[in-house]
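First up is the structure itself, then whatever we jot down about it.
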There are 2 protein chains.
Amino acid sequence: MAQAPSSNILIRKLQTISELAPSDIALLGNISIQEKEYHANEDILREGDKPTLSFVVLDGLIGSTKLTGDGKRQISSFFVPGDIPDLHGLHLSVMDSTFTPFMPTRVGFMRHDALHDICDQHPSITRVFWRSTVIDAAIYREWVTNVGRRDAYARMAHLLCELIVRLHSVGRIEDRVAHLPITQAALGDALGLSTVHVNRVLQELRRDGLISTVGSRFHATDWAGLVRAADFDSTYLHQRAAQTGADF
Amino acid sequence: MAQAPSSNILIRKLQTISELAPSDIALLGNISIQEKEYHANEDILREGDKPTLSFVVLDGLIGSTKLTGDGKRQISSFFVPGDIPDLHGLHLSVMDSTFTPFMPTRVGFMRHDALHDICDQHPSITRVFWRSTVIDAAIYREWVTNVGRRDAYARMAHLLCELIVRLHSVGRIEDRVAHLPITQAALGDALGLSTVHVNRVLQELRRDGLISTVGSRFHATDWAGLVRAADFDSTYLHQRAAQTGADF
DNA sequence: GGAACTTATAAACATATGTTATAGTTTGGA
DNA sequence: TCCAAACTATAACATATGTTTATAAGTTCC
């Protein structure tokens, strides 16, 4: 509770969703990690790949994307620092989506066999990681609802709420501003909207005083209003502390 | 390979996604199960509940649903016999969606503490269950894509392909016919469409000779055509055998 | 065996969102 | 420092899908 946030971003993220025993923290801190930098749009893993590594996002922003048969793109989730986008890959042989960074992104690779070893020997670590994948699934569920049943305006607001809360929980909101270098085309791919309509909706959100933007920096100028417009309820993020009602 | 399908539907389902050692099968077969029947629309678990049990679908059909603030419903997944819809709940304290049966449905409850015990003691069981939840997540990902980027016609075709493949893999397709007692309103809730448009699209699929229906029984009269119309690729189901190219 | 309800079909009309095209604006690399 | 490429902003127009309403066809249940 009074504990300072870990300087290890993976541990910090996991602490937002699980209470970690000191022994767990030690084990997690000892996982061997190989760092690598990617630039924007340089795919980290692709649909069809059979990875033997998972990776944690150390810095940057990543999307999980799919292409339909006629070339349209859908982003099914974003991943922020601390997240392990393809922890799922630990239990899948083939990738069913592609991980693409939206900005220069630093990741840390972890070997599957090492992760399996640590999980087999430490059920408490298994629980933490398993819970993490299950929360990813909860986020996908919410996205289905968002794309399926909310109009463009609420949909965009919802996405912004989610990203702001998630970034905030790992300390990546500075001066009440979220750095989201996601092009409007990519926002459309995440929301199932056209680029033009994304632009329209962003203007509306600005006009209504819910957000303001400077370049790719988003400021929720009226957090309560944004939450209301978004029909946003952070329960589905399953964060440990109800830090999510906070004022940004 | 030449093994006859298990008469235990849970084991049969898990065998479609993982290779089970005889010892695993024995352990799984010994999990204590409490059966219960629900009728259509009688919620099994609700958003906000804090369950201490998970359940396997023994017979019937269940949807995972959410309500938006203005009362619209979204179904984010269907569950067929053998599935454990809220295995996720093993690692979440609060339900973020509701499980609703679409027909009289028999389920088997399993205690969380019993499941935790067996997982803590048997990493191989953990892997099977964990993989199952991770495949659920892959299905949600595909649904985001389906709802976000495919038009109504392809979207409906895709849903039918998925359900037919999943039902087939657990032996619940009889005479090339899938029993899907899902009202057109509920199909709309699953696809993010209005009831009227669901009706339009179903007529089109019938007119194009891809499906025929008798009551709630769907027959894929042109499986290859349906797959093509749906842009369906079963990779995301992560089934063990490539039984999915089969002719229904 | 029919009343009461739910579900499916249908048509006419409304609208949120998509498409295409063009002109500014920003950005990042040479 | 500047240029080319990428991105954002707007407008005009197109259309897939939603809404409303009505009726027909099934179901369920007393």
Side-chain angles (χ1 to χ4, degrees), chain A residues 37-42 60-61 68 70-74 100-105 146-159 179-207 211-218 229, chain B residues 39-42 61 68 70-74 100-104 146-159 179-207 211-218 229:
Chain A
E37 287 249 10
Y38 290 85
H39 39 263
N41 295 311
E42 183 189 2
L61 183 66
T68 64
D70 53 346
K72 283 183 264 185
R73 184 169 83 147
Q74 177 70 41
T100 308
F102 292 105
M103 58 191 290
T105 292
N146 202 36
V147 175
R149 283 302 186 209
R150 288 197 260 261
D151 66 17
Y153 185 85
R155 212 184 291 177
M156 174 68 79
H158 197 280
L159 174 60
H179 186 211
L180 299 172
I182 311 170
T183 65
Q184 294 183 358
L187 286 171
D189 289 340
L191 297 170
L193 296 171
S194 68
T195 305
V196 171
H197 206 60
V198 165
N199 187 278
R200 286 197 272 249
V201 160
L202 284 174
Q203 314 257 14
E204 269 191 89
L205 287 167
R206 283 192 280 249
R207 189 176 329 124
I211 64 169
S212 69
T213 58
V214 179
S216 53
R217 284 163 212 279
F218 284 71
Chain B
H39 39 262
N41 294 311
E42 182 187 3
L61 184 66
T68 65
D70 52 346
K72 282 182 267 188
R73 184 168 82 148
Q74 177 70 42
T100 309
F102 292 106
M103 59 190 292
N146 202 35
V147 175
R149 284 300 186 212
R150 291 198 187 97
D151 66 17
Y153 185 85
R155 214 184 290 177
M156 174 68 80
H158 196 280
L159 174 60
H179 186 211
L180 299 172
I182 310 170
T183 65
Q184 294 185 358
L187 285 171
D189 290 340
L191 298 170
L193 296 172
S194 68
T195 305
V196 170
H197 206 60
V198 165
N199 187 277
R200 287 197 271 247
V201 160
L202 284 175
Q203 314 256 13
E204 269 190 90
L205 287 167
R206 284 192 280 247
R207 190 175 329 122
I211 64 169
S212 69
T213 59
V214 179
S216 52
R217 284 164 213 278
F218 284 72

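Naming: A, B, ... by sequence-line order, numbering from 1 per chain.
- Residues A:Arg149 and B:Asp189 are paired through a salt bridge, judged by an N-O separation under 4.0 Å between the basic side chain and the carboxylate.
- Residue A:Asp151 is the one, among A:Ser216 and A:Asp151, whose nearest nucleotide of DNA chain C lies closer to the 5' end (criterion: closest heavy atom).
- In this structure, B:His39 places its NE2 atom 14 Å from C1' of D:dT28, rounding to the nearest Å.
- Side-chain atoms of A:His158 and A:Arg155 form no donor-acceptor pair, as typed in the model, at a separation below 3.5 Å.
- Panel note: side chain B:Gln74, backbone B:Ala190; a donor-acceptor pair is recorded below 3.5 Å.
- The interatomic distance linking A:Arg207 (CZ) with D:dT10 (C1') rounds to 12 Å, in whole Å.
- One atom, NE2 of A:His197, and another, C1' of C:dT19, lie 13 Å apart when rounded to the nearest Å.
- Listed nucleotides: C:dA21, C:dA8, D:dT8. Nearest to the side chain of A:Val196: C:dA21.
- Shortest non-hydrogen contact noted between A:Val201 and A:Tyr153 is CG1-CA, 3.8 Å.
- Of the two residues contacting DNA chain C, namely A:Leu193 and B:Gln184, the nearest-nucleotide position lying further toward the 5' end is that of B:Gln184.
- Put simply, CG on A:Leu187 is 12 Å from C1' on D:dC7, counting in whole angstrom units.
- The interatomic distance linking A:Ile182 (CD1) with C:dT27 (C1') rounds to 17 Å, in whole Å.
- In this structure, B:Gln203 places its CD atom 16 Å from C1' of D:dT17, rounding to the nearest Å.
- Look at A:Asn199 and you won't find any side-chain N or O under 4.0 angstrom from OP1 or OP2 of D:dT8.
- Across all strands, A:Ser194 comes closer than 4.0 Å to base atoms (heavy-atom distances).
- Going from atom CG of B:Leu202 over to atom P of C:dA10 covers 12 Å, rounded to whole Å.
- For A:Arg149 and A:Arg206, each mapped to the nucleotide of DNA chain D holding its nearest heavy atom, the one lying further toward the 5' end belongs to A:Arg206.
- Atom P of nucleotide D:dT28 and atom CG of B:Asn41 are separated by 12 Å, given to the nearest angstrom.
- Taking only side-chain nitrogens and oxygens, B:Arg150 never comes nearer than 4.0 Å to OP1 or OP2 of D:dT17.
- Between C:dA12 and B:Arg200, no contact under 4.0 Å exists linking OP1 or OP2 to a side-chain N or O.
- Using modelled atom types and a 3.5 Å distance limit, the side chains of A:Arg150 and B:Thr68 yield no donor-acceptor pair.
- Contact annotation for A:Gly188: no contact, since no heavy-atom pair falls under 4.0 Å across all strands.
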